[in-house]
Number of protein chains: 2
Amino acid sequence: MVDVFKALADETRRVILDELAERDEQTLFELCARLASKHGLASSRQAISQHLEVLEEAGLVRTEKRGRYKFHFLDTSPLEEIRSRWPARPAKEQ
Amino acid sequence: MVDVFKALADETRRVILDELAERDEQTLFELCARLASKHGLASSRQAISQHLEVLEEAGLVRTEKRGRYKFHFLDTSPLEEIRSRWPARPAKEQ
DNA sequence: ACCATATGCAAGTATCCACTTGCATGTCAA
DNA sequence: TTGACATGCAAGTGGATACTTGCATATGGT
């Protein structure tokens with residue numbers, strides 16, 4: 001298991017989440033193509049695959065295998081921990 | 001500069017934020033003492049000092065020097081990026 | 001069956017990062 | 001001023017991690 005914070009520590013993984021937020025249910029190959037063209041991401045298939053594993057272990061990505069394709073889905077629910085752990089407080093007026 | 005996500009990637013730094021959320025305006029020594037006793041944190045002064053630098057560079061901690069003391073304040077506003085970047089979406093009913 | 005496609009696995013490498021160690025600087029109290 | 005206290009600085013070390021490389025597995029189309 002990987003904690004959500006560590007999963008979010010890498011910018012490539014954050015861009016992957018951005019891309020899945022824009023278009024859910026993508027295969028590894030789709031993601032590679034769209035990340036390269038739309039986000040200027042020059043990562044290899046293996047690199048992205050490993051990032052997806054980390055995201056899945058952190059619960060931020062859910063997957064579903066159909067035939068030889070594996071589809072990836074965004075799951076934002078683990079972000080709730082971050083949203084609630086340090087509640088927004090009124091800024092100290094100086 | 002350190003990005004907010006990287007700053008949050010370390011559990012020790014997250015506990016420091018917890019402690020500052022509970023009691024704001026602490027010196028390095030106060031933080032060391034309270035982290036050790038209340039959070040079971042066994043980190044050295046230098047380690048915590050370096051963590052505070054990272055948190056400050058990420059904008060999560062603000063500091064104020066008075067005499068030989070340096071006080072640390074929590075600033076949760078950088079968390080807004082995380083709150084808003086991947087908005088909560090309705091879970092896909094399966 | 002065959003081949004192209006889509007993905008998985010695992011070892012190696014290079015960089016990053018948390019932590020230590022040792023010393024330096026600066027402030028207050030007597 | 002002297003000494004104790006609070007913090008700062010910087011080089012070194014071990015472990016984690018992002019990425020590569022090369023091969024393996026599996027599915028579908030013809």
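Note that the structure is predicted; figures quoted are calculated from it, not measured.
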Side-chain ion pair, B:E56 and B:R62, N-O less than 4.0 Å:
no
Check this for me, if you would: do B:K6 and A:D10 make a salt bridge, where the nitrogen-to-carboxylate-oxygen distance has to be below 4.0 angstrom?
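Result for this pair is no, no salt bridge flagged.
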Donor-acceptor pair (no angle test) under 3.5 Å: A:R68 side chain, D:dG29 base:
no
base_contact_polar (C:dT7 base, A:Q46 side chain, donor-acceptor, <3.5 Å)
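It does not, because no donor-acceptor pair links the side chain of A:Q46 to the base of C:dT7 below 3.5 Å.
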Give the rounded distance in Å between these two atoms: [atom1] of [X] and [atom2] of [N].
| X | N | atom1 | atom2 | answer |
| --- | --- | --- | --- | --- |
| B:L8 | C:dC17 | CG | C1' | 16 Å |
| A:F5 | C:dA18 | CZ | P | 15 Å |
| A:Y69 | D:dA26 | OH | C1' | 13 Å |
| A:E11 | C:dC16 | CD | C1' | 17 Å |
| B:L52 | C:dC19 | CG | C1' | 15 Å |
| B:D10 | D:dA16 | CG | C1' | 12 Å |
| A:K70 | C:dC9 | NZ | C1' | 12 Å |
| A:E53 | D:dA18 | CD | C1' | 13 Å |

With respect to the phosphate group of [N], does any side-chain polar atom (N or O) of [X] fall under 4.0 Å of OP1 or OP2?
| X | N | answer |
| --- | --- | --- |
| B:H51 | C:dC17 | no |
| B:T27 | D:dA6 | no |
| B:K6 | C:dC16 | no |
| B:K65 | C:dG26 | no |
| B:S49 | D:dT7 | no |

CG (B:L60) and CD1 (B:I16) are apart, to the nearest 0.5 Å, by 11.0 Å
What's the spacing between A:H51 NE2 and A:L28 CG if we round to 0.5 Å?
12.0 Å
Compare the minimum distances between each of C:dT7, D:dG8, C:dT20 and the side chain of B:Q50, then state the nucleotide with the smallest one.
C:dT20
Which sits closer to the 5' end of DNA chain D, A:V54 or B:R45, going by the nucleotide each is nearest to?
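Looking at the nearest nucleotide for each, B:R45 comes out on the 5' side.
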Base, sugar-phosphate or nothing for A:R13? Non-hydrogen atoms, less than 4.0 Å.
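The answer is sugar-phosphate, as A:R13 gets under 4.0 Å only of primed atoms, P, OP1 or OP2.
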Quick one: which of B:V4, B:L20, B:V61, B:V2 gives a side-chain contact (heavy atoms from CB on, under 4.5 Å) with B:L55?
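The residue from B:V4, B:L20, B:V61, B:V2 that satisfies side-chain contact (heavy atoms from CB on, under 4.5 Å) with B:L55 turns out to be B:V61.
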